[in-house]
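Values below: every heavy atom of this structure, side chains too, minus hydrogens, waters and symmetry copies. Throughout, numbering of the chain's residues begins at 1 and tracks the sequence. As the structure lists them, so they are numbered: ligands from 1, and atoms in each ligand from 1.
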Amino acid sequence: MPAETFEFQVEARQLLQMMIHSIYSNKDVFLRELISNSSDALDKLRLETLRDESLQADTSDLHIALETDTEKRTLTVRDNGIGMSHDEVVQLIGTIANSGTAKFLREWKEAKDSAASEELIGQFGVGFYASFMVADEVTLLTRRAGESQGTRWNSDGEGTYTVESVEDAPQGTSVTLRLKAEDTEDQLFDYTSPWKLREIVKRYSDFITWPIRMAAATPGEDGAEPETETVNSMKALWARSKDSVTDEEYSELYKHISHDWTDPLETIRMQAEGTFEYQALLFLPSHAPQDLFMQGHKRGVQLYVKRVFIMDDCEALMPTYLRFVKGVVDAQDLSLNVSREILQQDRQIEMMRRRLVKKVLSTVKDMMSASPENYRTLWKEFGRVLKEGLLQDFENRDAILEISSFASTQDEEGLTTLRSYVERMKEGQDQIYFMTGESRAAMENSPHMEAFRAKGLEVLLLTDPVDEVWVQSVPEFDGKQLQSVAKGEVDLDSDEEKEKAEEEREKRQQEYAGLLTWMTERLGESVKEVRLSSRLTVSPACIVSDTHDVTPALENMYRAMGQEVPHIKRILELNPSHALISSLKRAHAAQDTEPGADSELAETAELVHGLALLSDGGELSDPARFSRLMADRLERTL
Ligand code: ADP
Ligand code: MG
């Protein structure tokens with residue numbers, strides 16, 4: 001069959017252009033990417049032969065080989081792993097499946113200078129395509145284990161690639177790079193130099209558990225096959241003594257398992273001895289992957305049994321709210337055939353998971369004081385995910401609250417913890433006040449905030465959608481009740497103030513009783529009750545939710561998710577010290593209003609209700625009518 005020519009998908013083409021013209025200072029990493037892919041392919045083959053005994057595959061000498069040709073200026077990375085079928089080659093190598101790539105390319109186009117775009121390469125990682133940083137032609141020859149036909153893929157990275165079937169391909173994959181001339185000329189970047197390759201492998205891929213072989217430095221006897229030697233130590237980092245592993249080595253392992261190109265924020269090492277022995281090496285990344293909030297996002301912890309890779313994405317070891325944690329857990333006493341189903345039910349795995357979770361949470365807590373900068377980065381990137389734990393993990397709820405940070409009226413820019421909020425609480429204050437909303441600005445200007453501002457009380461400003469949800473189910477922190485400023489009655493007075501205020505309220509209640517009853521009836525279609533407010537100082541009115549009602553924002557969220565939510569009536573609170581409200585009261589008292597009469601006073605009541613809705617970002621049920629009434633009023637003031 002003749003070679004078929006395909007066009008790269010648009011995103012892939014853009015990415016390749018970027019690689020071809022890259023001045024990325026650390027081109028050596030292309031080799032790490034190819035070795036990482038080969039290592040994955042060997043892992044996959046081993047697992048597949050365990051699962052499927054009928055698979056016709058050769059697993060006698062699984063390894064990776066590096067081969068060079070100085071004359072042709074080529075470097076080949078070869079493995080005898082799982083390989084790819086014809087369709088897989090087209091699908092995996094010709095397109096970019098990673099959903100983050102589109103965003104990456106958008107940011108790349110916006111990045112003005114080349115330094116910024118280079119930095120982006122480092123952040124996102126480009127896998128196989130990194131080859132084009134050093135090669136002007138790449139040939140991939142592969143045969144999937146168990147299949148008879150092989151596939152050759154070839155491209156110069158400029159828009160198209162060819163794919164053809166071949167008869168005599170060995171099992172696994174070889175990637176041959178024709179190195180760019182300018183690189184080969186420079187001794188320092190000569191990727192055909194054994195010395196250079198050895199250095200790169202040592203640096204980036206030493207821990208790879210499969211042998212990486214190269215021709216020995218001293219050639220064999222005349223005519224004999226050249227000797228090969230293994231250039232990586234293959235030692236699992238977690239099995240080496242703590243002091244013998246450098247930060248850089250940890251970083252490289254992290255990059256291999258996470259496919260991230262940036263260093264992790266924090267490395268966590270754990271060791272358990274006794275009846276159930278295991279070692280764990282966990283990493284907290286420094287930035288969130290693009291698909292963190294997408295369905296089916298994989299968890300980042302791999303399971304090994306006695307140094308042998310068993311599975312990726314081991315959900316039995318990390319809860320979903322810690323899905324950003326990457327790493328390796330190596331257990332001594334599990335069977336190599338262990339399945340996901342078995343893991344889910346295993347009591348020892350469950351205990352292990354609990355310990356891992358506690359360790360991650362306590363590490364974050366330690367970061368708060370030991371490296372506040374790193375903690376802030378972690379919270380910015382993963383705080384939203386961690387807060388999901390407040391709903392999922394009852395056992396660790398307090399620990400999660402302890403490491404959470406929130407915006408607050410106390411601090412213009414920074415975030416505060418609940419612990420420091422509690423330390424700042426005023427004498428006599430026994431609740432933690434919070435408000436949920438779309439943005440800081442909207443909340444700061446909300447009428448609900450007025451009395452709190454007047455009294456100098458701090459209010460937490462919660463803007464993440466998940467905040468709407470967890471605040472409904474977390475009653476308190478450190479014995480202090482969490483109280484929404486937009487719900488129920490507020491009571492901000494001290495004891496002696498209270499008595500005075502009580503009398504005052506009593507008096508006002510009597511004065512306003514007529515107006516309140518009348519308005520409750522007039523607006524009965526849309527409000528549950530009209531009452532006097534103790535939370536307003538400047539605004540005439542505001543909308544309040546009843547203590548146990550779902551908040552308006554949550555109501556909207558449910559609707560956005562397509563759920564049926566009955567319309568929930570809210571409470572309209574009036575500010576008796578506002579001139580508009582006191583005049584309204586007088587006007588109402590002066591006029592013997594018939595219920596149902598479409599008087600001017602009724603329109604005013606409607607307008608007051610509309611204003612209260614708007615001031616909190618709420619929606620009017622009939623905006624056209626509202627603006628007509630309003631225009632009418634304005635006209636009369638001229
Ligand atoms: P990633 O490794 O992050 O998935 P890459 O661009 O490095 O992205 O590789 C894309 C895909 O191509 C891999 O996920 C794998 O399925 C396939 N692939 C790449 N190299 C090999 C190889 N040596 N053997 C088998 N499959 C490979
Ligand atoms: Mg890869």
Side-chain angles (χ1 to χ4, degrees), residues 8-9 11-16 18-19 29-49 57-59 62-67 75-101 104-105 121-135 138-147 150-155 157 161 163 169-177 204-205 208 210 212 252-262 285 289-291 297-298 300 302 309 312-313 326:
F8 281 109
Q9 164 210 34
E11 283 93 43
R13 203 157 55 221
Q14 290 172 330
L15 198 56
L16 281 164
M18 185 160 129
M19 288 302 105
V29 297
F30 84 91
L31 190 58
R32 170 187 77 198
E33 296 301 310
L34 295 180
I35 290 176
S36 173
N37 285 349
S38 285
S39 167
D40 289 347
L42 292 162
D43 286 338
K44 279 183 203 155
L45 176 64
R46 219 191 43 76
L47 289 179
E48 213 150 294
T49 48
D58 178 9
T59 55
L62 298 179
H63 69 279
I64 299 165
L66 306 182
E67 292 153 10
L75 164 65
T76 299
V77 178
R78 180 192 304 282
D79 66 68
N80 50 3
I82 189 76
M84 283 173 272
S85 67
H86 176 282
D87 290 354
E88 282 172 331
V89 170
V90 175
Q91 204 190 17
L92 298 169
I93 305 291
T95 62
I96 298 171
N98 184 349
S99 49
T101 312
F104 163 59
L105 288 164
I121 298 183
Q123 258 183 44
F124 286 81
V126 286
F128 174 78
Y129 287 179
S131 313
F132 287 96
M133 291 197 294
V134 299
V138 177
T139 307
L140 176 139
L141 181 63
T142 187
R143 178 167 66 81
R144 200 172 201 291
E147 291 181 10
T151 306
R152 178 184 284 112
W153 178 99
N154 176 276
S155 179
Y161 61 92
V163 178
Q171 170 192 308
T173 305
S174 70
V175 178
T176 300
L177 312 183
Y204 296 112
S205 313
I208 295 285
W210 303 103
I212 303 171
E252 292 309 330
L253 174 67
Y254 164 74
K255 289 172 188 171
H256 170 65
I257 55 189
S258 65
H259 298 203
D260 182 7
W261 280 28
T262 43
Q290 300 306 321
D291 58 350
H297 175 84
K298 299 221 155 121
Q302 300 182 336
F309 174 80
D312 257 330
D313 175 30
K326 308 280 174 191

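- Side-chain polar atoms of T151 and H86 form no donor-acceptor pair below 3.5 angstrom.
- Between M84 and ligand 1, no N or O atom pair is found at a separation short of 3.5 Å.
- Of the protein's non-hydrogen atoms, D79 OD2, 3.0 Å is the one closest to atom 23 (N) of ligand 1.
- For the atom pair CD of E252 and CD1 of I208, the computed distance is 10.0 Å after rounding to the nearest 0.5 Å.
- L31 has its side chain out of reach of Y204: every pair of non-hydrogen atoms, C-beta onward, lies at least 4.5 Å apart.
- In this model, a donor atom of one side chain and an acceptor atom of the other lie less than 3.5 Å apart for D260 and T262.
- Taking the six-membered ring where tryptophan is involved, the planes of W153 and F8 are perpendicular, since the angle between them exceeds 60° and thus also 30°.
- Between the Mg ion (ligand 2) and N37 there is an N/O/S contact shorter than 2.8 Å.
- Contact atoms of ligand 1 toward I93: 12 (O) (distance under 4.0 Å to a heavy atom of the residue).
- Distance check on atom 3 (O) of ligand 1: some protein heavy atom falls below the 4.0 Å cut-off.
- Looking only at heavy atoms of the protein, atom 14 (O) of ligand 1 is closest to K44 NZ, 4.8 Å.
- Of the listed options A145, G172, A41, S174, A41 places a heavy atom closest to atom 25 (C) of ligand 1.
- Closest protein heavy atom to atom 22 (C) of ligand 1: T173 OG1, 3.7 Å.
- Closest to atom 16 (O) of ligand 1 among all protein heavy atoms lies L92 CD1, 3.2 Å.
- Shown here for G127 and W261, the closest heavy-atom pair between the two residues is N-CZ2, 4.2 Å.
- Residue-to-ligand polar distances place N37 within reach of ligand 1: an N/O pair is separated by less than 3.5 Å.
- Listed by number with element, the atoms of ligand 1 under 4.0 angstrom from any heavy atom of F128 are 5 (P), 6 (O), 7 (O).
- M84 is listed as a side-chain neighbour of I93, based on a closest heavy-atom distance under 4.5 Å.
- For ligand 1, the polar-atom distance check against E33 finds no nitrogen or oxygen pair separated by under 3.5 Å.
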request  = Starting from the C-alpha separation in whole Å, work towards a yes-or-no answer on side-chain contact (heavy atoms from CB on, under 4.5 Å) for V175 and L75.
outcome  = CA-CA 8 Å; V175 178; L75 164 65; over 6 Å; no
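- Summarising the geometry of R143 relative to A169, their closest heavy-atom pair is NE-O, 2.8 Å, with the distance given to 0.1 Å.
- Residue contacts with ligand 1: H259 is placed with a nitrogen or oxygen under 3.5 Å of a nitrogen or oxygen of the ligand (distance criterion only).
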